[in-house]
Every structure is written in C-alpha cells, then in structure tokens.
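These notes are about the structure you will find just below.
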Amino acid sequence: FPFVNSTETNDYHIWLIFTKVSNDSPLTVKFKNLVYNLVNVSLDVPIKFHIIIDEQSKIIAQNKLSEVVYKLNQSLTYKFYNVQECASKISDIVSVMSPFFSSKPGTYYSDALFYLSLGLYRFAPISQKRALLLDCDVYFKRSVSVLFAEFNRFKPSAIFGLSPELSPVYHHILHTYKRKHKTTFGEFYHSRAIAPLNVHPRGFQGYNSGIVLINLEKQRSSKEFAQIILKENVSNITTKYKFRGHLGDQDFYTLIGYEYPQLIQTLNCGFNRQLCTWWREHGYKNIFNYYFKCDHETVVLHGNCNTKFDML
Ligand code: UDP
Ligand code: MN
C-alpha cells in the first residue's frame with residue numbers, strides 16, 4: 001500500500017560488528033567486501049550502516065570505508081558505536097547468558113560481543129524501528145530490500161526473524177535431553193510433518209544468528225522479552241533441556257524457538273545459506289546433508305567457519 005509510515009519503510013539500518021582486527025586480518029577483507037557488495041547490490045534503497053568497533057578497529061574501518069567510497073564513486077552513510085559502551089548497556093544480559101552459552105566464559109568485554117544482538121534495542125537510536133544485524137562473512141546475491149521485506153511477513157508477536165541453523169549442532173547439544181524425551185527439537189527439517197502435536201512439527205534444527213532481523217519497536221515494548229532474559233528463566237530452560245552451548249546469542253534464540261516460538265519468525269534457509277561443513281567430518285557424516293540441504297533461492301550466502309564462498 002503506498003501510504004505507509006515513511007520511517008517504517010525508508011530506513012534500511014544495517015548493523016555490523018567489527019572488532020579485534022588488524023590491517024591484515026581476514027575479517028578486514030570480509031568487512032570491506034561486504035560493504036562494497038551491500039551497496040552494489042542494493043541500488044533500490046538507501047543503506048545506513050551502524051558499525052560497532054573498538055578504537056583500533058575504527059581506524060581500519062574508516063580506511064576500508066574510504067576505499068569503498070572511492071571504488072564505488074559514491075558516498076556512504078555510517079555511524080560508529082564503541083563496543084565497550086554498548087557492552088556496558090547489556091551487562092545484565094551478558095552475565096545471565098555467558099555461563100550457559102559461551103565456550104569459555106572469560107573477560108566480560110569479549111563475552112559481550114556474542115550477545116550484542118539481544119541488547120541492540122538498548123543502544124540503537126530510539127528512532128530506529130527495525131534493524132538488520134549481519135556477520136561480516138556474508139555475501140548478498142540480491143538487494144537488502146528483499147530481506148527487509150520479510151518484516152512485512154512477521155506474525156504480530158514476532159520480534160526477531162532468523163533462518164535455521166544448517167548443521168546438526170543442536171542435535172548434538174540436545175543428546176541427553178533427547179534420550180528421555182520424544183521431541184522434534186534437534187531433528188532436521190522435513191517437508192512433510194513428522195509429528196502432529198508439536199510447535200515445530202516438521203523438525204527443528206535451531207537458528208543461526210549470522211543474519212538477524214530485529215523489530216526494535218516491538219522489542220523495546222515487550223514485557224515478555226524483558227522477562228525471558230532474566231536469570232531465573234534462562235537457568236530454568238537450560239536445566240530443562242540440559243543445554244550447554246557455545247554459540248552465544250544463537251543458542252538462546254534456539255531455546256526461544258523451543259519455549260517461546262511466537263517471538264521468532266522463521267525465515268527460509270535461502271536468507272542465510274550457511275556453508276560450513278565442519279560437522280560432516282565430526283561424527284555426523286550420515287545425517288549432515290539432511291541438515292545442510294536448502295531448497296530455497298539463495299539470497300544471502302554465509303561463509304561461516306571461514307568457508308570460501310565458492311564451495312557451493
Ligand atoms: N567478530 C568480530 N571480531 C572477531 C570475531 C568476530 O568483530 O574477532 C564479529 C564479526 O562481525 C563476525 C561475527 O562476529 O562476522 C561472527 O563471527 P564469524 O562470522 O567468524 O563466526 P561464524 O559465522 O563462523 O560462526
Ligand atoms: Mn559468520
């Protein structure tokens with residue numbers, strides 16, 4: 001419909017995390033390639049970049065952004081956010097989550113990196129109603145407007161939009177729980193229902209957080225979200241599923257998928273087509289491909305675990 005609120009439709013806020021890098025880090029190359037790719041492929045919409053940096057990475061980011069400006073012969077709109085300032089606004093979330101979802105809970109600031117997506121609503125400017133948070137190791141085949149259009153398909157209760165995890169990692173993490181409980185959690189996705197009475201009747205692989213759509217407006221006003229990030233709740237659900245993770249925010253999104261599925265809109269796998277095949281060589285050879293398969297059009301490739309984009 002043509003007469004919709006303009007701030008809702010015209011703002012394409014993209015958040016990137018770019019920290020702990022040096023000039024020759026692989027991440028520096030990925031960052032530059034991604035910014036170039038995003039602008040190049042999204043000629044239909046104006047992008048606003050929001051980049052979370054530390055002081056050293058900021059200088060490198062500035063250099064890379066000017067190189068992109070030169071290469072594109074076009075200006076860029078961007079703003080920097082200091083990671084320590086962001087971290088200080090989500091310290092409650094980090095201390096609740098990191099004992100359960102960090103591989104080795106360590107320094108508070110390096111832990112905070114893994115949970116920024118959950119607390120973005122606290123440091124994003126209040127005028128931002130929706131945001132897209134991206135890993136730097138992604139490649140867009142189509143305009144970001146295709147991904148933003150998914151916001152319009154959110155069920156009314158959804159705060160986040162996420163694509164499935166395309167490995168059996170959550171089958172692995174749930175193995176103790178699954179020995180005693182019949183559940184589709186951790187099972188790979190079937191195109192036909194395998195269980196009639198479940199919240200994810202076709203199997204549920206969990207979520208990957210390399211691409212996160214966030215309805216910030218809903219998140220800020222959600223009493224339910226404020227409750228579920230409390231320590232008592234996180235402690236209860238991790239105990240229930242005997243869940244000990246190591247993937248930060250995406251472990252928590254996966255648990256939200258089990259207990260509060262109304263809060264997440266499942267995007268199709270083509271919006272975050274992960275390429276990592278690590279689990280195929282680590283005990284899951286016979287079932288890996290059922291998880292890895294993605295029959296949707298690829299909109300975004302995700303070279304996770306340092307996988308090159310040419311592997312598919
Ligand atoms: N990241 C960062 N500094 C680091 C490592 C990671 O800023 O030293 C950010 C960066 O945005 C990266 C994201 O965290 O894309 C997630 O890391 P990565 O994509 O390597 O993880 P994977 O997708 O392989 O699990
Ligand atoms: Mn990634």
Side-chain angles (χ1 to χ4, degrees), residues 14-38 49-62 64-65 78 80-87 90 94 98 101-104 106-107 109-120 131-140 147 162-170 172-173 205-212 214 245-254 269 271-280 282 291-292 298-309 311-312:
I14 296 185
W15 286 77
L16 303 174
I17 302 170
F18 185 66
T19 58
K20 299 200 269 195
V21 297
S22 61
N23 250 319
D24 51 9
S25 306
L27 191 56
T28 300
V29 179
K30 290 173 188 176
F31 172 79
K32 182 183 169 181
N33 289 345
L34 175 59
V35 173
Y36 180 78
N37 164 230
L38 284 170
F49 289 103
H50 302 271
I51 306 165
I52 301 171
I53 39 75
D54 51 46
E55 285 312 308
Q56 194 191 325
S57 308
K58 181 178 177 177
I59 297 163
I60 296 169
Q62 280 168 328
K64 296 298 140 188
L65 291 165
Y78 56 86
F80 290 118
Y81 300 78
N82 181 282
V83 67
Q84 312 221 31
E85 280 170 34
C86 298
I90 64 163
V94 179
S98 62
F101 311 130
S102 292
S103 53
K104 31 178 182 230
T107 64
Y109 145 69
S110 69
D111 276 355
L113 270 184
F114 299 110
Y115 303 98
L116 288 168
S117 77
L118 290 164
L120 196 102
L132 169 60
L133 175 66
L134 302 175
D135 273 8
C136 290
D137 58 342
V138 300
Y139 178 83
F140 276 67
L147 198 39
L162 291 149
S163 291
E165 165 66 32
L166 299 183
S167 85
V169 61
Y170 294 112
H172 188 82
I173 287 174
Q205 304 181 182
Y207 290 114
N208 181 280
S209 63
I211 310 259
V212 190
I214 310 172
H246 60 283
L247 297 173
D249 59 358
Q250 82 163 50
D251 290 334
F252 188 62
Y253 289 123
T254 296
C269 54
F271 288 107
N272 178 357
R273 204 306 169 218
Q274 298 123 247
L275 300 174
C276 178
T277 57
W278 190 88
W279 288 93
R280 181 148 66 198
H282 293 83
Y291 287 85
F292 194 59
T298 298
V299 176
V300 187
L301 285 166
H302 182 185
N304 54 335
C305 77
N306 294 316
T307 310
K308 295 233 162 35
F309 290 125
M311 72 78 69
L312 264 195

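All ligand and atom numbering here is 1-based and tracks the order in the structure. Starting from 1, each residue takes its place in the sequence as its number.
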* Structure fact -> protein heavy-atom neighbour closest to atom 17 (O) of ligand 1 works out as Asp135 OD2, 4.3 Å

* **Test of proximity, Asn306 against ligand 1: N or O pairs below 3.5 Å** => no

* Structure fact -> The closest protein heavy-atom partner of atom 20 (O) of ligand 1 is Asp137 OD2, 4.3 Å

* Any idea which protein heavy atom is nearest atom 10 (C) of ligand 1, and the distance to it? -> Ile17 O, 3.3 Å

* **Heavy-atom side-chain proximity of Leu16 to His50 below 4.5 angstrom** => no

* Asked: Is the Phe101 ring parallel, tilted or perpendicular to the Phe252 ring (thresholds 30°, 60°)?
  -> tilted

* To do: Among all protein heavy atoms, pick the one closest to atom 12 (C) of ligand 1 and tell me residue, atom and distance.
  => Cys136 N, 4.0 Å

* Are any of the protein's heavy atoms under 4.0 angstrom from atom 14 (O) of ligand 1, yes or no? -> no

* ligand 1 versus Lys30, non-hydrogen atoms closer than 4.0 Å: side chain, backbone, both, neither? -> neither

* Asked: Which residue and non-hydrogen atom of the protein lie closest to atom 24 (O) of ligand 1, and at what distance in Å?
  -> Cys305 N, 2.8 Å

* Leu113, any N or O under 3.5 Å of ligand 1 N or O -> no

* Asked: Where on Leu27 is there a heavy atom closer than 4.0 Å to ligand 1, on the side chain, on the backbone, on both, or on neither?
  -> side chain

* For Asn304, is at least one N or O under 3.5 Å away from an N or O on ligand 1? -> no

* May I ask you to identify the nearest protein heavy atom to atom 8 (O) of ligand 1, giving residue, atom name and distance to one decimal place in Å? => Thr19 O, 3.7 Å

* **Number of protein N/O/S atoms that sit closer than 2.8 Å to the Mn ion (ligand 2)** => 4

